[in-house]
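All heavy atoms count here, side chains included; hydrogens, waters and symmetry mates do not.
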Amino acid sequence: MALTQSDIDVEIKDLQDAYDKAVAGGAPVRHHPSRDYPPYRSSLLRHPKQPLVAVDGGDPETVELSGPVFGVTDITEHDSDLTIQHRGEPLGERMTVSGRLLDRDGRPVRGQLIEIWQANAAGRYAHLREQHPAPLDPNFTGVGRTLTDDQGRYRFTTIKPGPYPWGNHTNAWRPAHIHFSVFGTAFTQRLITQMYFPSDPLFRYDPILQSVTDRAARDRLIATYQHDLSRPEFSMGYEWDIVLDGPSATWIEEGR
């Protein structure tokens, strides 16, 4: 029998209660979720089960040389505006999403490639394997990229994505979110995370977000509405900083 949202809710609550009890008893805070978080069913099937293999006996730079390398000449000013990549205007709530890429000491990470991808306003990705029967938007592909400036700041103009169903359990819906990739200096250093929007009613039902059992770490995945970022007569503004490491680090999927 397929699991229902109520079944998943019980599992999420039990794991959250167990974590809270352990921390109250002196256990260390866990900034990253378990690799096999049971309410997130896919993680049971595809999480890594073997220890990492060190690159030994060779030149590790050989691996990195086989990956792509990006720089300022590969980025155009249009790549960060997802609303002008086609002939017409995409449907949905236009947004300006901005923030800073920082290290653990709050120092800006300059010249860093940041890529995003997301669903359209109806909650559908422009992808051949997408199965959500929501309409495609011919004027929205949902992919953008930019480089951080000298203050580590990035900025995208885009459309607020819609929530969408997924196959984790019966009536499973993902909160609206944008995927972020921070590239490092080579493909092998790439880090991926997700940005959510404040006050989304689906937060409590999403086993992916709830797999981050530390509330403070979970909250760091949620953007803040900033009215000063809103552009008059054009777009709403959201701010979201990404911290690469340290006690205030943003959860990164590779840390699972």
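- Although no hydrogens or angles enter the test, the distance criterion places a donor-acceptor pair under 3.5 Å between the side chain of R220 and the main chain of A249.
- In this structure, CD1 on I222 lies 8.5 Å from CG on D200, to the nearest 0.5 angstrom.
- In this structure, V29 shares a hydrophobic cluster with Y19, V23, the cluster being traced through Ile, Leu, Val, Met, Phe, Trp and Tyr side chains under 4.5 angstrom apart.
- With hydrogens and angles ignored, the 3.5 Å screen pairs no side-chain donor or acceptor of H78 with any backbone N or O of T76.
- Grouped with W173 in one hydrophobic cluster are L202, Y205, the linkage being side-chain heavy-atom contacts under 4.5 Å among Ile, Leu, Val, Met, Phe, Trp and Tyr residues.
- Applying the side chain to side chain donor-acceptor pair (under 3.5 Å) criterion to Q5, with sequence neighbours excluded, gives D9, H169.
- Not one N or O on the side chain of R155 forms a donor-acceptor pair closer than 3.5 Å with the backbone of T96.
- Annotation: side chain to side chain donor-acceptor pair (under 3.5 Å) contacts of T250 (sequence neighbours excluded): none.
- For T224, there are no side chain to side chain donor-acceptor pair (under 3.5 Å) partners two or more places apart in sequence or in a different chain.
- At least one donor-acceptor pair under 3.5 Å links the side chain of Q16 to the backbone N or O of T213.
- The stretch residues 78-89 participates, sequence neighbours left out, in these salt bridge (Lys or Arg N to Asp or Glu O under 4.0 Å) pairs: E89-R94.
- Heavy atoms only, all atoms of each residue included: R145 and I75 are closest at CD-CD1, 3.2 Å.
- Counting heavy atoms from C-beta on, the side chains of H86 and P138 never come closer than 4.5 Å.
- Remark: side-chain polar atoms of N139 are not paired, donor with acceptor, to backbone N or O of L91 under 3.5 angstrom.
- Taking all atoms of both residues into account, the shortest heavy-atom contact from L15 to P38 is CD1-CD, 4.0 Å.
- If you take CE on M95 and CZ on F197, they are separated by 4.0 Å, rounding to the nearest 0.5 Å.
- Contact check for R124 versus L136: side-chain heavy atoms found under the 4.5 Å cut-off.
- Panel note: side chain D206, backbone F203; no donor-acceptor pair is recorded below 3.5 Å.
- Residue A223 comes nearest to M195 through the heavy atom pair CB-SD, 3.8 Å, listed as atom of the first residue, atom of the second, then distance.
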* Stepwise ring-ring contact (aromatic ring centres under 6.0 Å, His included) check, F156 with W240 -> CA-CA 11 Å; F156 290 100; W240 189 58; over 10 Å; no
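- No donor-acceptor pair closer than 3.5 Å links the side chain of S181 to the backbone N or O of E115.
- In this structure, CZ on R174 lies 7.5 Å from CG on L209, to the nearest 0.5 angstrom.
- Among pairs with a residue in residues 16-34, those fulfilling salt bridge (Lys or Arg N to Asp or Glu O under 4.0 Å) read K13-D17, D20-R215, at least two apart in sequence or across chains.
- Judged purely by atom type and a 3.5 angstrom limit, S98 uses its side chain to pair as donor or acceptor with the backbone of Y154.
- The distance from the CZ atom of F140 to the CD atom of Q85 is 8.0 Å, given to the nearest 0.5 Å.
- Applying the side chain to side chain donor-acceptor pair (under 3.5 Å) criterion to S230, with sequence neighbours excluded, gives Y225.
- R110 pairs with exactly one of L147, D150, L101 by the side-chain contact (heavy atoms from CB on, under 4.5 Å) rule, that one being D150.
- The stretch residues 99-125 participates, sequence neighbours left out, in these ring pair (Phe, Tyr, Trp, His ring centres under 6.0 Å) pairs: W117-H179, Y125-Y164.
- Distance alone, capped at 3.5 Å, places no donor-acceptor pair between the S34 side chain and the Y37 backbone.
- Summarising the geometry, atom CD1 belonging to I114 is positioned 4.5 Å from atom CD1 belonging to I242; distances are rounded to the nearest 0.5 Å.
- A122 is linked by a side chain to side chain contact (heavy atoms under 4.5 Å, CB included) to N120, A134, P135, counting only residues two or more places apart in sequence or in another chain.
- Evaluation of the salt bridge (Lys or Arg N to Asp or Glu O under 4.0 Å) test over residues 221-243, restricted to residues two or more places apart or in two chains, returns R153-E239.
- Two residues are said to be in side-chain contact when any heavy atoms from C-beta on lie closer than 4.5 Å; I116 and L82 meet this criterion.
- Residues I178 and Y238 form no side-chain contact, since every pair of their non-hydrogen atoms from C-beta on lies 4.5 Å or further apart.
- The closest side-chain heavy-atom distance from R41 to L3 is below 4.5 Å.
- Rounding to the nearest 0.5 Å places OH of Y196 at 10.5 Å from CZ of R218.
- For residues 178-188, there are no salt bridge (Lys or Arg N to Asp or Glu O under 4.0 Å) pairs, not counting sequence neighbours.
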